[in-house]
Visitor: 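Supplied in structure tokens, the structure appears directly below.
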2 protein chains.
Amino acid sequence: MRPFHDTVLADDCLQALDRLPAKSVDLIFADPPYNLQLKGELLRPDNSRVNGVDEQWDRFTGFEHYDEFTRAWLEACRRVLSDTGTIWVIGSYHNIFRMGTVLQDLGFWILNDVVWRKTNPMPNFRGKRFTNAHETLIWAAKDSDQKRYTFNYEAMKALNDDLQMRSDWVLPICTGGERMKDGDGNKLHPTQKPESLLHRVILSSSNPGDVVLDPFFGTGTTGVVAKRLGRHYIGIEREPAYIEAAEARLAATEPADPDAVKVSAGKRAEPRIPFGSIVERGLIKPGTTLYDPRKRHAAKVRADGSLACENATGSIHKMGAHVQGVEACNGWTFWHLRRGKDFVPIDMIRQEVRAEVATA
Amino acid sequence: MRPFHDTVLADDCLQALDRLPAKSVDLIFADPPYNLQLKGELLRPDNSRVNGVDEQWDRFTGFEHYDEFTRAWLEACRRVLSDTGTIWVIGSYHNIFRMGTVLQDLGFWILNDVVWRKTNPMPNFRGKRFTNAHETLIWAAKDSDQKRYTFNYEAMKALNDDLQMRSDWVLPICTGGERMKDGDGNKLHPTQKPESLLHRVILSSSNPGDVVLDPFFGTGTTGVVAKRLGRHYIGIEREPAYIEAAEARLAATEPADPDAVKVSAGKRAEPRIPFGSIVERGLIKPGTTLYDPRKRHAAKVRADGSLACENATGSIHKMGAHVQGVEACNGWTFWHLRRGKDFVPIDMIRQEVRAEVATA
DNA sequence: ATGTCATCTGAATCGTATT
DNA sequence: GAATACGATTCAGATGACA
């Protein structure tokens, strides 16, 4: 084992990187500050306050400052990365475009951008934007002519029910027992990543015995998953509170039995198909008339997937309930579409879409 | 109708943009070329061609020229975009980081990055990477302090079965009858976007009658969906074959019924009813007692529409906030009125008044 | 033990019209 | 232009109290 392996370097990111030998690591995972630029406070509709990221380490004076920082640590990473190694970075729209540009400018060759689709993101409380429901990872090799990087294609396929692993990963955010807490029961780190995410990163692009470096180690998720998967880790972290937590986590982590590293994916739920997506796809056109099973009521489909009927508008479910004067209604089976002489429930269209999605 | 509305300008992107009046469009959708091996399609701001990108081109030159091109058309777009307008761009990892960086550098303010998750992407044949199963869109306002952009929150929520729309959109790629073919049955345009994607873009961030500009019009998907949804379009395209196909598609496109393109508006669009006018009309009498949802607090309505409670007086909102000890409160939904055995929010009275006003 | 209900929280660039 | 007042807005999941 080499001197830096399986340790946390308590130091500034750049200074620590400079101490590592050139070309000495096989995989880098970097989750740098995002430069969030949050202004005021944000309240939920129930008046509770959202605990935003206001840590000192996420404060930059502007894009120029952030780009300079990004360029510096990515250059330092480039030096320590082996020629066949690859690097992952993660970010949101605040910083991912800056990181992608710097990566390309430094000569890294992007292999994929990968989207982490969160199953349980924080909603948009003010209704002013789309729910920010994903983060973006970039996976890159050192050079455009480097073809010998590690990609465990079969392992990824196995993880995905024997279908090629796609560039969008559906995973929940880090909550519950996995989330590190401080003495008061508050989150210790504002942006702790889920182990499932690192599991996929490390399993896909490294081999047992490889060295995995995380220059923004935080509470050590990368190290924990690397250790469990039989890889060596090197962490770099400046905050003593994070280091302490990371080392405790690491001490409590047992490497998995080499045979047990394989993980089976959970069953995929039947995909939800919003009625609106059927309108969007042109399978039911705006302006189409829908009927209830006894043709007593008629409703008109609007471009946003809502129905208009009897001077009211709403979802297929709400309007089904409305015309019947009941509390709830399954609009999929209630509303019918004329097809020639026949009337078919709109659920039939949904089943056709589901079949299409499933075979894709 | 203005001179450029509902036409395709057969010209170079930059030259056509320069002919459009400043601040004259409400929404821009741009799907620019992203292949760096553009073989002469890349133009500098002075219209000179960038040569040599397809052979022995060096990475730095390639990106630098692509950035120059990107900066030029985004600057030109910025000039023609109205102050309350927004812009969408779409790309893959080859170019989206460059575009995002240039957008931010020009002062655009990113509202969301949106992932188009393809249900039927092309598989990765070599097994050397993850299946490239998504593309990225960026939605941006002109400035960080511009908050009056259009976002049809309720319509997006309606499209998604009454859950707020997320930043990841699951849509199939453009195939079948929708895909434009040339005389030999080959695809006419290499990257024709599905109409469903444009449906969501245009419906979310523009209103009927708005002007939608597409500076890389291709076979006219943006125009077709804009026309169908009752928006004006302006297309810019240089290739005669694409223009011909686009104009044929547009001629065959019928606008939807105007009622069908109306969209659920939400409470913000409703006329404001002062609480005092409800008291004035005698719908709630002075002296009436109002209660919070848990009946912990009671307040008395006064003749001027203010409330008195716990030795303080003020508006329904102020008093709601006061008794809860919070900054702000929606008094309409907070305060309840006794009706027989039940308690109903005073918002119900407001809705009755609104219905009355609407039919008057 | 089990179920129900209330409460809490997460990388967030989260108003607008009137005076 | 600045200050003030109005009043709109949330999803999934974990946790814990309590029946």
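The structure displayed is predicted, hence computed values, not measured ones. So that the names make sense, note that chain A is the first sequence line, chain B the second, and so on, each numbered from 1.
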Visitor: What is the distance from NZ of K187(A) to C1' of dA11(C), rounded to the nearest Å?
Guide: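 Between C1' of dA11(C) and NZ of K187(A): 8 Å.
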Visitor: Say we look at dA12(C) and dA5(D): how far apart would their P atoms be, to the nearest angstrom?
Guide: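 After rounding to an integer number of Å, I get 32 Å for this pair.
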Visitor: Is any side-chain N or O of R126(A) closer than 4.0 Å to OP1 or OP2 of dA8(D)?
Guide: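 R126(A) to dA8(D) OP1/OP2: no side-chain N or O under 4.0 Å.
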Visitor: Check whether any side-chain N or O of K318(B) sits under 4.0 Å from OP1 or OP2 of dA5(D), and answer yes or no.
Guide: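 Checking K318(B) against dA5(D): at least one side-chain N or O falls below 4.0 Å of OP1 or OP2.
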Visitor: Please confirm whether the shortest side-chain N or O distance from R179(A) to OP1 or OP2 of dG13(D) is below 4.0 Å.
Guide: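 Checking R179(A) against dG13(D): no side-chain N or O falls below 4.0 Å of OP1 or OP2.
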Visitor: Between atom CD in Q37(A) and atom P in dA11(C), what is the gap in whole Å?
Guide: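 Going from Q37(A) (CD) to dA11(C) (P), I get 19 Å.
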Visitor: State whether Y153(B) places a side-chain N or O below 4.0 Å from either non-bridging phosphate oxygen (OP1 or OP2) of dT10(D).
Guide: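 Y153(B) to dT10(D) OP1/OP2: side-chain N or O found under 4.0 Å.
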Visitor: Between G176(A) and G127(A), which has a closest nucleotide on DNA chain D that is more 5'?
Guide: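 Nearest-nucleotide comparison on DNA chain D picks G127(A).
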Visitor: Quick one: is H317(B) getting a side-chain N or O under 4.0 Å of the dC6(D) phosphate, OP1 or OP2?
Guide: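 False: H317(B) side-chain N/O out of range (4.0 Å or more) of dC6(D) OP1/OP2.
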Visitor: Output yes when a side-chain donor or acceptor of S206(B) lies under 3.5 Å from a complementary backbone atom of I202(B), and no otherwise.
Guide: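 Yes.
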Visitor: At under 4.0 Å between heavy atoms, what does G177(A) touch on the DNA or RNA strands: base, sugar-phosphate, or nothing?
Guide: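 Sugar-phosphate: the residue G177(A), judged by heavy atoms under 4.0 Å, touches backbone atoms but no base.
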Visitor: Find the distance N132(A):CG to dA12(C):C1' and express it as a whole number of Å.
Guide: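 Atom-to-atom, N132(A) to dA12(C), this comes out as 7 Å.
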Visitor: Using purine N1 to pyrimidine N3 plus N6-O4 or O6-N4 for Watson-Crick, or N1-O2 and O6-N3 for G-U wobble, each under 3.5 Å, what pairs with dG7(D)?
Guide: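 By the stated definition (distances under 3.5 Å), nothing pairs with dG7(D).
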Visitor: Rounded to whole angstrom units, what separation is found between the CD1 atom of I110(B) and the C1' atom of dA11(C)?
Guide: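 It works out to 15 Å between those atoms.
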Visitor: Ring centroids only, cut at 6.0 angstrom: are Y291(B) and H336(B) within range, meaning strictly under it?
Guide: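 Y291(B) vs H336(B): aromatic centres not under 6.0 Å.
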Visitor: Rounded to the Å, how far apart are M180(A) CE and dT9(C) P?
Guide: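 Atom-to-atom, M180(A) to dT9(C), this comes out as 19 Å.
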Visitor: Determine the Euclidean distance between corresponding C1' atoms of dA11(C) and dG15(C); express it in Å to zero decimal places.
Guide: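 Between the two C1' atoms, the distance is 23 Å.
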Visitor: Can you tell me, in whole Å, how much space there is between the C1' of dC18(D) and that of dA1(C)?
Guide: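 It works out to 14 Å between them.
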Visitor: Using the ring of Y149(B) (Phe, Tyr or Trp, six-membered ring only), decide whether K128(A) places NZ or CZ under 6.0 Å from its centre and within 45 degrees of its axis.
Guide: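 Judged by the rule, K128(A) and Y149(B) form a cation-pi pair.
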Visitor: When you check the phosphate oxygens OP1 and OP2 of dG7(D), does a side-chain N or O of R272(B) lie under 4.0 Å from one of them?
Guide: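 Yes, within the criterion.
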Visitor: Separation of W332(B) atom CH2 from dC6(D) atom C1', in whole Å?
Guide: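 Rounded to whole Å, this separation is 10 Å.
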Visitor: Using a cut-off of less than 4.0 Å, is there contact between a side-chain N or O of N51(A) and OP1 or OP2 of dT9(C)?
Guide: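 No, because none of the side-chain N or O atoms of N51(A) sits under 4.0 Å from OP1 or OP2 of dT9(C).
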Visitor: Suppose you measure atom P in dG7(D) against the same atom in dG10(C); what distance do you get, rounded to whole Å?
Guide: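 Those two atoms are separated by 32 Å.
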Visitor: Can you tell me if R166(B) uses its side chain to pair, donor with acceptor, with the backbone of K118(A) under 3.5 Å?
Guide: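 Present.
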Visitor: Determine: side-chain N/O of R44(A) to OP1/OP2 of dA8(D), distance under 4.0 Å, yes or no.
Guide: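 No, R44(A) has no side-chain N/O under 4.0 Å of OP1/OP2 on dA8(D).
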Visitor: What nucleotide among dT16(C), dT9(D), dA11(C) has an atom nearest to a side-chain atom of R148(B)?
Guide: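 The listed nucleotide nearest to R148(B)'s side chain is dT16(C).
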Visitor: May I ask you to decide if A133(A)'s main-chain N or O and D168(B)'s side chain share a donor-acceptor pair within less than 3.5 Å?
Guide: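 The answer is no, because no donor-acceptor pair under 3.5 Å joins these two groups.
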Visitor: May I ask you to check whether F151(B) and W139(B) place their ring centres under 6.0 Å from each other?
Guide: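 Between F151(B) and W139(B), which both carry aromatic rings, the centre distance is below 6.0 Å.
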Visitor: Do any side-chain nitrogens or oxygens of S315(B) fall under 4.0 Å of OP1 or OP2 in dC6(D)?
Guide: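 Answer yes for this pair, as a side-chain N or O of S315(B) is under 4.0 Å from OP1 or OP2.
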Visitor: Could you check which of dT9(D), dT10(D), dG13(D) has an atom nearest any side-chain atom of D46(A)?
Guide: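 For the D46(A) side chain, the nearest candidate turns out to be dT10(D).
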Visitor: Looking at dT16(C), dA11(C), dT9(C), which one has an atom nearest to any side-chain atom of D31(A)?
Guide: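 Nearest nucleotide to the side chain: dA11(C).
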Visitor: Take L163(B) and C329(B), find for each the nucleotide of DNA chain D with the closest heavy atom, and name the residue whose nucleotide sits nearer the 5' end.
Guide: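 Looking at the nearest nucleotide for each, C329(B) comes out on the 5' side.
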Visitor: Base, sugar-phosphate, or nothing for P32(A), non-hydrogen atoms under 4.0 angstrom?
Guide: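 If one applies the 4.0 Å heavy-atom cut-off, P32(A) turns out to touch a base.
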